[in-house]
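The structure appears right after this line, and notes come after that.
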Amino acid sequence: MCPANLMALTPRQRRFYTDKLVEYEPILTMDPTTGRLTKRVYHKRQQGVPCYFQISAHSTEVPSFLGAIEADNIFSRDAIHIDRATTCDSGWILKNVTRERDGSPSKNFGRYWVVSGQPKSISNRGIRRAGKRQLEAIQFQRPPEGVDINGLDE
């Protein structure tokens with residue numbers, strides 16, 4: 001499945017946005033009597049979204065020679081670039097579903113990211129005509145609780 005916004009990418013973005021991801025939007029369930037959050041589940045919003053992963057850190061779940069990195073700090077966040085028309089927000093789950101040309105899974109296939117903070121929209125003005133959104137996200141090896149992993153994501 002190919003998203004309709006693929007044509008909104010510039011020629012440069014089509015060249016570099018070779019990764020694909022699946023977006024999961026959080027749905028919060030409230031108890032009607034107390035108004036408290038009872039459950040958080042995620043439903044698949046889009047799949048096959050072209051993107052560019054700018055991975056600056058390793059998984060927060062794997063200890064390194066310096067020890068484990070705390071999950072929510074500036075050094076453990078990766079930048080993910082998507083088309084400006086793609087909907088995404090803070091708290092959304094992103095799954096990498098990129099495959100190599102021969103069909104084998106990519107190095108980061110099956111990894112999850114949680115979007116941290118609001119996306120930065122970079123306008124379409126100027127020489128480069130960026131027209132993109134930049135997401136700051138924290139990487140995880142396993143799906144967070146509430147993500148339905150039974151569906152086909154590719």
Side-chain angles (χ1 to χ4, degrees), residues 1-29 37 39-64 68-124 128-154:
M1 177 175 152
C2 188
N5 63 3
L6 180 61
M7 297 311 292
L9 295 175
T10 65
R12 180 179 181 175
Q13 288 171 328
R14 281 194 294 273
R15 182 176 172 201
F16 289 105
Y17 286 28
T18 57
D19 292 310
K20 302 280 187 241
L21 61 84
V22 176
E23 294 182 330
Y24 293 94
E25 181 179 12
I27 304 297
L28 307 176
T29 306
L37 177 67
K39 188 172 159 185
R40 176 183 294 208
V41 294
Y42 297 87
H43 81 277
K44 192 184 306 181
R45 178 72 181 251
Q46 285 189 35
Q47 64 185 29
V49 177
C51 65
Y52 172 70
F53 282 91
Q54 187 176 354
I55 298 175
S56 60
H58 62 81
S59 172
T60 58
E61 298 175 332
V62 179
S64 69
I69 293 179
E70 188 176 326
D72 193 13
N73 67 45
I74 195 162
F75 303 110
S76 63
R77 293 184 187 161
D78 298 328
I80 303 170
H81 305 268
I82 58 174
D83 180 53
R84 181 183 61 189
T86 305
T87 305
C88 195
D89 209 347
S90 182
W92 287 37
I93 305 294
L94 307 175
K95 180 182 180 184
N96 186 320
V97 292
T98 308
R99 292 199 174 267
E100 301 296 342
R101 289 180 188 230
D102 64 357
S104 63
S106 71
K107 180 174 85 171
N108 291 310
F109 182 88
R111 289 191 178 260
Y112 292 83
W113 281 262
V114 178
V115 178
S116 176
Q118 295 299 315
K120 297 175 194 170
S121 291
I122 300 170
S123 73
N124 214 7
R128 292 182 61 194
R129 299 212 176 276
K132 69 175 182 176
R133 299 182 93 189
Q134 180 176 330
L135 311 168
E136 298 292 325
I138 300 168
Q139 184 183 150
F140 293 93
Q141 287 182 321
R142 293 176 287 287
E145 188 176 333
V147 175
D148 179 20
I149 59 171
N150 296 325
L152 184 63
D153 288 334
E154 301 170 51

request  = Working to the nearest 0.5 Å, report the span between CZ of R14 and CG of D83.
outcome  = 10.5 Å

ask   = What closest approach, in Å, do P26 and G91 show between heavy atoms, and which atom pair accounts for it?
value = CG-O, 3.9 Å

ask   = Do you see a donor-acceptor pair shorter than 3.5 Å between the side chains of N108 and S106?
value = no

Contact summary for T87 and W92, nearest pair of heavy atoms = O-CZ3, 3.5 Å

Close side-chain approach of Y17 to H81, heavy-atom, < 4.5 Å = yes

note = Across all chains, not counting sequence neighbours, the ring pair (Phe, Tyr, Trp, His ring centres under 6.0 Å) partners of F16 are none

request  = Would you indicate whether the side-chain heavy atoms of E23 and K44 approach each other to under 4.5 Å?
outcome  = no

query = Is there a side-chain contact between I138 and W113 (heavy atoms, below 4.5 Å)?
reply = no

task = Starting from the C-alpha separation in whole Å, work towards a yes-or-no answer on side-chain contact (heavy atoms from CB on, under 4.5 Å) for I80 and E136.
result = CA-CA 7 Å; I80 303 170; E136 298 292 325; over 6 Å; no

task = Answer yes or no: is there a side-chain heavy-atom contact under 4.5 Å between V115 and D89?
result = no

ask   = For I93 and F140, what are the C-alpha separation, side-chain angles and deciding distance, and is it a side-chain contact (heavy atoms from CB on, under 4.5 Å)?
value = CA-CA 10 Å; I93 305 294; F140 293 93; over 6 Å; no

query = Say you draw a straight line from CZ of R111 to OG1 of T98; how long is it, rounded to the nearest 0.5 Å?
reply = 12.5 Å

message = Once rounded to the nearest 0.5 Å, what's the spacing between atom OG of S121 and atom NZ of K132?
response = 11.0 Å

ask   = Any Lys/Arg nitrogen of E25 or R45 sitting under 4.0 Å from an Asp/Glu carboxylate oxygen of the other?
value = yes

ask   = Just by modelled atom types, is the S116 backbone N or O under 3.5 Å from a matching donor or acceptor in the R77 side chain?
value = no

message = If you compare all heavy atoms of P119 against all heavy atoms of C88, which two are closest, and at what distance to 0.1 Å?
response = CG-O, 3.4 Å

task = Kindly indicate, with the supporting measurements, whether the criterion side-chain contact (heavy atoms from CB on, under 4.5 Å) is fulfilled by K20 and V49.
result = CA-CA 5 Å; K20 302 280 187 241; V49 177; over 6 Å; no

note = In terms of heavy-atom contacts, L21 and F53 come closest through CD2-CZ, 4.2 Å

request  = Specify the closest pair of heavy atoms between R84 and R133, including all atoms of both residues, with the distance to one decimal.
outcome  = O-CD, 3.4 Å

task = Answer yes or no for R99 and F109: cation-pi contact, defined as NZ/CZ to six-membered ring centre under 6.0 Å and angle to ring axis within 45°.
result = yes

request  = Would you give the length of the straight line joining atom CD1 of I82 to atom OH of Y52, rounded to the nearest 0.5 angstrom?
outcome  = 15.5 Å

Shortest non-hydrogen contact between V97 and V22, atoms and distance = CG1-CG2, 3.8 Å

task = Supply the atom-to-atom distance L135 CG to C51 SG, rounded to the nearest 0.5 angstrom.
result = 9.0 Å

key: side-chain contact (heavy atoms from CB on, under 4.5 Å) between Q54 and D78, intermediate numbers included   = CA-CA 6 Å; Q54 187 176 354; D78 298 328; over 6 Å; no

